[in-house]
Each structure stands twice: as C-alpha cells, then as structure tokens.
Protein chains: 2
Amino acid sequence: MVTIKQVSEKAGVSSATVSRVINDTGTVKEKTRKLVVAAMEELGYRHNVVAASLASNKTNTVGYVVPELHGSFFGSMMGGTEQSLRAARKHMLIATGHSDETIEKAQIEALLSRRCDALILHVEAVTDDYLVNLVQQGVKLVVVNRYIAEIDDNCISLDNVKGGYLATKHMLDIGHTQIAYLAGSFFKADAINRLIGHKQALSEAGLEYDASLMYEGNFQAKSGAEGIRALLAKGKLFSAVACANDEMAFGAMNALREMGKRVPEDISVIGFDNIDFASYLTPGLTTIDYPVRQIGTMAAHWVLDRVYGKGSHAFKHVLDPRLILRGTTSSPE
Amino acid sequence: MVTIKQVSEKAGVSSATVSRVINDTGTVKEKTRKLVVAAMEELGYRHNVVAASLASNKTNTVGYVVPELHGSFFGSMMGGTEQSLRAARKHMLIATGHSDETIEKAQIEALLSRRCDALILHVEAVTDDYLVNLVQQGVKLVVVNRYIAEIDDNCISLDNVKGGYLATKHMLDIGHTQIAYLAGSFFKADAINRLIGHKQALSEAGLEYDASLMYEGNFQAKSGAEGIRALLAKGKLFSAVACANDEMAFGAMNALREMGKRVPEDISVIGFDNIDFASYLTPGLTTIDYPVRQIGTMAAHWVLDRVYGKGSHAFKHVLDPRLILRGTTSSPE
DNA sequence: CAGGCAATTGTAAGCGCTTTCATTAATTAT
DNA sequence: ATAATTAATGAAAGCGCTTACAATTGCCTG
C-alpha cells in the first residue's frame, strides 16, 4: 500500500503538504498541488481513512441501529438518511438491535468503540434513562420514532396520536359511527398513541369509546384477520374498521371478504403507514401516510447540523401524518 | 477518553498485556487478567477500534454496496448478511450505488479507503472488467446477483433461467398452452434470463415461442398493467400470464380485473420473487421464490471463510428458485 | 540444586495520517 | 530598498493500539 510518505518523496514535498492537498486544508500553491496530485496518480495512492481518523479524532461515519433490516420500513428510513449523508461524504455503519436490550446496548457500545461521530438510534428495548445518560456523557445521538422528554431535542418522531385521530376522523366525516379498532401490540408506544388518537376523534364527535369494539393485535396481517373474526364472533356491529397499520388492514380485509363482507360497500377499512403495497391493491387502501423517508432525512439533517456543523438544514422534531384517500372507505349506505 | 496506557498503569502491567486481555490473544495469567478487567471497568475504558485497526491492519468491517436502500429486497439481503456477520463480530459499512457507474465506483473506492476487509457488491452499472480487475488487484469481494465467468468464485447468484422455466412449466403442467409473458426491462440480465427460462419450458413442451405474446416492461406494477392492456388491445388470446416479478403481476392482475377478467378462473397469473405481499393478497399470488435472504447469508459465509478464515460455512454459488403455489393459477376450463 | 523449557510479561518500534509550531519564501507597505 | 506581513512549506510530535522480540518467572527433570 502506498503511503503519503512515498507520495511526498515522489513529489518532492513534505508529507504535511500532501495531507493538505488531500484534505484541501491550509494553503497550498497551485503548482505544488498539481505536483502532488500527479504523484498520487502515478503511484496509485489510496487515502487511508483509518489512519486519518485516528490522527484527526473523527471518523466521518455515523452509526445506525435499527431493530431489523428486512421489511421496507427501515430501508426507507435509512435511504432518506443516506441520501443526505452521502452528499456530505459521511458514511453509515449499520447494526441491528432486534428489540433486545442486551443486543441494543452491545451494538451501541460497538459503534461507539468504532468512534462514530454520531449515532442514529431506532431502539426499542433500551430504557429512556440509558439514552438520557448517553447524551449527558456527551454522545451525539438522535433517537428516531421515540420521544423522550429529557432529551427532546435529540428526538425525531411521528405524531402518532394525530395519525390515529385523522384515521377515525375520516370515518366519522363520511358518516360512520360504529367504528371498530384493530390495535397494534400495546407493548409499543406507537400502538398506544394511535389508539389514543382514535379515542380523541370519537370523543370530539361526542361518541363514546366502546372497548369491546377494540382488538389488540400485533401489527401483523394475521392478527388483523383474527381481530375481525373475534369481533364478528362476538356479534359486534360496525360499519368501519380503523387499523393500527396497513398489514393488519390487509389481514382484516381478507377476513372480511372470507366472511362475505364487501370492502368498502359493507365495511370501510383504513390502514396506517401507507406502505408501498397499499396502492397496489384494488381497491387501493385508504390509509395514513407515515413519512418514513422524511424521518430518515431529518435524522441526517440533525447530525449534519449539530455534529458536523454543516450549515442549517430544514428540520422538524415531530412530523405530521396525513390522510391518503383511496378506495377502501366510503359512506355507510 | 481513557486509553490502554492508563488502564495498564492502574493495573500495574504493561500496555501490551492490556491489549492481550482485550483481544484474548497470547497468554495472560488469570490473576492479571482480572486485574486488568477491574482497571478497565473502574476507568470506564472503551476500546478504540480505529487505533486497533490501524495497528493491526484489519478493520473487521465489510463494505456493502447496494443500488438503493428502500424497498424490501435489499433489506432482506443485508439482513441475511448481517445475521451471520454479527455472530462473528464483524460490522457493515453501507453505501448505495444508484445503478450509476460513477457513483458505484466512487462508493467502492470510498469503502476501500476505509480499509474494509472485504466488499459485498450488488452493482449494476460498473463493467465486468472493472470488477475482475479489482479481484486481480487482491481486493476481497463478492458480487451478488450477477455472474462473471472470470471470477465465478466471487459470484453468488440466483438461477434465473431455472426460475423462468419453473414458472412457465407450472402453467404448462396444469394445462395452459397459450401463455403470455410480461418481461422486465432487458437492460437487466435477470429479465433476460427469466425470459430464456420461459422459452425453454415452452420448447421442452414442443410449443413455439410467440414473440407477440411477450411484452417488455420494467419490473414495476404499472408496466404489468400496461402489458396486459397492450396484449389485449392487440387482440391476443391467452389463458395464462407469467410475469418477470411480483410487482408486475400485481399490476397485471389489476388490469385484468378492470377488464372484467377473473383471476384465476379466466386467466392464471404467476409472479416471480415471492415478496411478502404476495401472500397477503386474496387469492395469494402463485410465484417463484427468490431466496434473497439466503443470498445475503451466502455472501457473509463467503467473506467469513475466505477473508476471515473462520471455519467452513455452508456455501453455494448458484441458488435455486422454487415454485410457491398459491391461488392465482388454475387449469383452464 | 542446576539446566531446560514453557508460560508470562515487558520493551519499543511502528501503523499512516493530522496538526501545531517554526521556518522560509513571497508580497506589500513605508 | 527595508521592514512588516502574509503565504507556503517543513519538522516532528503525537493519535491509541498491536506485535515482534527480549526478558522474566515458574516449574520440571535428572
């Protein structure tokens, strides 16, 4: 491997000068700059970022922890981040936490050992205190899809309550009054918040929340179908179903059809997230858009601004969901 | 930041010994090991992997280049890789190439600058020669979803021809003889190979391939719908449609239904890839399974074996697709 | 109990770069 | 033309670790 030293000798300058042209720092006369560049090309020099990181005490890499890599959610989020980061020549070191406290901590620790300049964390098992503590230790990090009051400036999240509200509000607006709710697992804050929004819309409309019209699922398609069957088995009446996410909505629609109900003629269905496939179905799924990619972008902006001090990017801590009207909701006859 | 030196002083040993206990190399008496561990904990020592990498000339990180981060494909693939790599305490540095030659090269170069021990590349714009050249220069890399004869040992791919064959074979097996084919964009080798498989199945059955029953789309849902409309507009007759991927199949099914055709009663449809949503539909989409995650796993195994010399993992260069029977295909009446 | 061998530990030379500080060259002001 | 500035460079001290190689120590054997 050719080093800066060899380049400097070939160019007849000191290694300090070579370093200056590589990093475009300090002042270098155009003539010597060309000399150095020529030497680098001739020798096939490749900058050693590891050595540079050690010497400069910055790695230009941000660590990213997500629960899983599969599925389209985290890919979209990381895609948003990557786009912004790449423009600033920063790289991403990725790790998965599997929603397990021990693993999450180990991964964070590993990324810190690798001296990431900043961390972007989508962690679910680690406690708030642990994260607050890291921030207080001076670790630069942004927490996505999670809100922690003590470090609210480090958090970026979606207004899930508003999303839940919007979904049910839509059903109410088009005339439904008996609205079932298929919730996500209450182990997750998102599930709870979306349900809160549902209740808000109901109460705002002067309607009583009926717990027996609610079913706790787990965000998976299957649990959506199970929810529908459970509700119908109990003899519950409803003309609309609001779901905690699109996958549950798909499951619900399948179950509904199996039981001879048409969507939306007999029963309206609304999802949450607006995953790609929501629009591929016929009819397209009416849902609430979760601006995932934008969240990833915001995380990148936070890091670029606060850690790398690169100008000021557009920024928001709490992002807004919005209603996407498609074909699975209609007024009750 | 506390260093190995400080730990060594507190423990009353040399820094070499501390390094030994950290890396579990060489021989260290149990008693002194405990002394060192205690000192590390007391001081809150955090290993500096950057310095270690520079000194040892290995980073324990593998660079990953994929076209994009969004969508579920690359997430699944990287997930497979990550799982195996994590078990061996290796990390992943991720970059996107956007199917652009300049960007792909720049990213590969960047990962090399960061001294990744190995690269896993899903690149589409860079030439075969460029990759062959890298291998010859001694760069440890594995190319996924692409086959290059000169460096076949570095390639891991799916047998797309076989997949295309399997799909059409299935249609033939259940009695179809007029089978339309909605291809992906011929700019991609996958599209071409899948079509070749289709033709093979046809010829094996003694049927003539009819180019006017083929439509070149671009792997997106929309083009699947367009293909159906184009074929139908030409007055083409067919009782089955084989698609280059699931998304096109979705588009095709939507278009078919719009035109009053039932799936599978009037027309059978088969996809390719077996993405998650293929099973969420009613009826579920019959398709060809693309073992994406397994490909990611194989890439990790290759790296673990060849680069890190960690035992021998199960390995295959060419993976097999397989038929997944669901509800969108049936015998013609 | 000396000699020999293996198990432990320490010494110190880097790894390839950045960066402060000092030095020298080029300009500008006087 | 000379002093005062400013621009360009170079010298060299690390950054925090790994890893030969050397030096000790401990334990056996004869």
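Every value quoted in this text rests on a predicted model; they were computed, and no experiment measured them. The chains referred to below are lettered A, B, ... by the order of the sequence lines, with proteins before strands, and numbering in each begins at 1.
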Q: Check every strand shown and say whether B:T3 touches a base, only sugar-phosphate, or nothing at a heavy-atom separation below 4.0 Å.
A: sugar-phosphate
(Q) If you only use heavy atoms from C-beta on, which nucleotide in D:dT9, D:dC17, C:dG16 is closest to the side chain of A:T32? (A) D:dT9
Q: Give a yes/no answer on whether the side chain of B:S56 brings an N or O atom under 4.0 Å of OP1 or OP2 in D:dT18.
A: no
Q: Check every strand shown and say whether B:S53 touches a base, only sugar-phosphate, or nothing at a heavy-atom separation below 4.0 Å.
A: nothing
Q | Heavy-atom protein contacts under 4.0 Å, nucleotides 21-27 of chain D, coded B base, S sugar-phosphate only, - none | A | -------
Q: Describe the nucleic acid contact of B:A16 in one word from base, sugar-phosphate, nothing, applying a heavy-atom distance below 4.0 Å.
A: base
Q | Out of D:dC17, C:dT18, D:dT18, whichever nucleotide has its closest atom nearest the side chain of B:A51 | A | D:dC17
Q.
Using a heavy-atom cut-off of 4.0 Å across all strands, would you classify A:N48 as base, sugar-phosphate, or nothing?
A. sugar-phosphate
Q | Considering all heavy atoms, the nearest A:L158-A:P291 contact | A | CD1-CD, 3.5 Å
(Q) Taking side chain to side chain donor-acceptor pair (under 3.5 Å) as the definition, give me every residue that meets it alongside A:N154, ordered by chain and number, with sequence neighbours left out. (A) none
(Q) Looking only at the side chain of B:T27 (C-beta and beyond, no hydrogens), which of the listed nucleotides D:dT9, C:dA7, C:dT18 gets closest? (A) C:dA7
Q. Are any of B:S19's side-chain N or O atoms less than 4.0 Å away from OP1 or OP2 of D:dC17?
A. no
Q | Nearest non-hydrogen partners of A:A299 and A:V144, listed with the distance | A | CB-CG1, 4.0 Å
Q: Using a heavy-atom cut-off of under 4.0 Å over every strand shown, decide if A:V50 touches base, sugar-phosphate, or nothing.
A: nothing
Q: Select base, sugar-phosphate, or nothing to describe what A:V28 touches, counting heavy atoms under 4.0 Å on all strands.
A: sugar-phosphate
Q. Given side chains that start at C-beta, do those of B:D159 and B:L319 come closer than 4.5 Å, heavy atoms only?
A. no
(Q) Considering every strand and a 4.0 Å limit on heavy-atom distances, what is the contact class for A:V13: base, sugar-phosphate, or nothing? (A) sugar-phosphate
Throw together a table of side-chain donor-acceptor distances under 3.5 angstrom for residues 61-69 of chain B, partners on residues two or more places apart or in other chains.
residue	atom	partner	partner atom	Å
B:Y64	OH	B:T81	OG1	2.8
B:E68	OE1	B:H98	ND1	3.3
B:E68	OE2	B:H98	ND1	3.2

Q. Would B:K105 and B:E101 pass as an ion pair if we require N to O under 4.0 Å?
A. yes
Q) With sugar-phosphate meaning primed atoms plus P, OP1 and OP2, does A:T25 contact a base, only sugar-phosphate, or nothing at under 4.0 Å between heavy atoms? A) nothing
Q: Calculate the interatomic distance between A:M40 atom CE and C:dG16 atom C1'; express it in whole Å.
A: 15 Å
Q) Just to confirm, is there a sub-4.0 Å distance from OP1 or OP2 of C:dT18 to any side-chain nitrogen or oxygen of A:N57? A) no
Q) Closer to the 5' end of DNA chain C via nearest nucleotide, is it A:I22 or B:G26? A) B:G26
Q) Is it true that B:D320 and B:K316 have a side-chain N and a carboxylate O under 4.0 angstrom from each other? A) yes
Q.
If you assign B:T17 and B:R115 each to the DNA chain C nucleotide with the nearest heavy atom, which residue ends up on the more 5' nucleotide?
A. B:T17
